[in-house]
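Working notes, structure below.
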Amino acid sequence: EDQVTQSPEALRLQEGESSSLNCSYTVSGLRGLFWYRQDPGKGPEFLFTLYSAGEEKEKERLKATLTKKESFLHITAPKPEDSATYLCAVQAGGLYGGAQKLVFGQGTRLTINP
Amino acid sequence: DGGITQSPKYLFRKEGQNVTLSCEQNLNHDAMYWYRQDPGQGLRLIYYSQIVNDFQKGDIAEGYSVSREKKESFPLTVTSAQKNPTAFYLCASSILAGGEHTQYFGPGTRLTVL
């Protein structure tokens, strides 16, 4: 069974204090790993897709990396506006008709204090 | 301004009532999805549709129904058979382009059973 586990569940940082969020996965045949940002009461916002081990992608203060068993979301010198829940999802097989089957982790709730 | 809209933002239901959540997209995406989000859990797939007039059950379809009469619309009905319907409901759509398959989410509807 495909599984995604995110750690920690919650993380509090001071503004400017860099850290990393972890996404561990077990899946047969990874076809993509996705990171989303979700603000309270809103829908997830797409951040990155990673396809193969060793791949890295960056956006502003965020950098996502991928190994064969896990992905990290590195946050460098975070600001209070980076506070959100960060969701990780993996795509293993496909669905009927070519639709996309994603398995989501439970998320990491990040709080950046000024 | 392309995107996914969901309405209403908040919905209250009495025991025994059916309610319908609206989802519309103007992104010209073929696939559409409904997810349920509960505190501390990952998103779980309820139903999905790859083309008009065709839809498939996801992992937790019991107590829900959908229709796909138009490409841009994918309403979800929460029936009285759904025993624990209080949750945050998210609609998504996706497109496969340039070898990349990405899901984009709407703003969500919070359903509360009174």
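In the text below, chain A, chain B and the rest are named by the order of the sequence lines, each starting its count at 1. The figures here come from the full heavy-atom set of this structure, side chains too, leaving out hydrogens, waters and symmetry mates. Just so it is clear, the model here is predicted, and its values are computed rather than measured.
Side-chain contact between B:Tyr35 and A:Leu102: present, with at least one pair of heavy atoms (C-beta onward) separated by less than 4.5 Å. Side-chain contact check for A:Gln106 versus B:Gln41: every heavy-atom pair is 4.5 Å or farther apart. No side-chain heavy atom of B:Tyr48 sits under 4.5 Å from any side-chain heavy atom of A:Gln100.
In this structure, chain A has a heavy atom under 4.5 Å from the side chain of B:Leu90, while its backbone stays farther away. Residue B:Asp30: no heavy atom, backbone or side chain, is found under 4.5 Å from chain A.
Interface with chain A: from residues 60-67 of chain B, no residue qualifies, criterion being any non-hydrogen pair under 4.5 Å. Residues of residues 36-49 of chain A having a heavy atom under 4.5 Å from any heavy atom of chain B, listed by number: A:Tyr36, A:Gln38, A:Gly41, A:Lys42, A:Gly43, A:Pro44, A:Phe46, A:Thr49. Close approach to chain A, defined as a heavy atom under 4.5 Å from one of its heavy atoms, is seen in no residue of residues 68-84 of chain B. Close approach to chain A, defined as a heavy atom under 4.5 Å from one of its heavy atoms, is seen in B:Thr102, B:Gln103, B:Tyr104, B:Phe105, B:Gly106, B:Pro107 of residues 102-114 of chain B, taken by number.
Within a 6.0 Å radius of NZ in B:Lys57, no more than 12 heavy atoms belonging to other residues, nucleotides or ligands are found. Annotation: A:Glu1, atom CD; neighbour count of heavy atoms from other residues, nucleotides and ligands within 6.0 Å does not exceed 12.
The hydrophobic cluster containing B:Ile46 does not contain A:Phe104, counting ILVMFWY residues as joined when their side-chain heavy atoms lie under 4.5 angstrom apart, directly or transitively.
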Test log, rule side-chain contact (heavy atoms from CB on, under 4.5 Å), inputs B:Arg44 and A:Val103 = CA-CA 8 Å; B:Arg44 292 182 290 168; A:Val103 176; over 6 Å; no

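For A:Tyr51 against B:His101, the heavy-atom pair with the smallest separation is OH-N, 3.8 Å.
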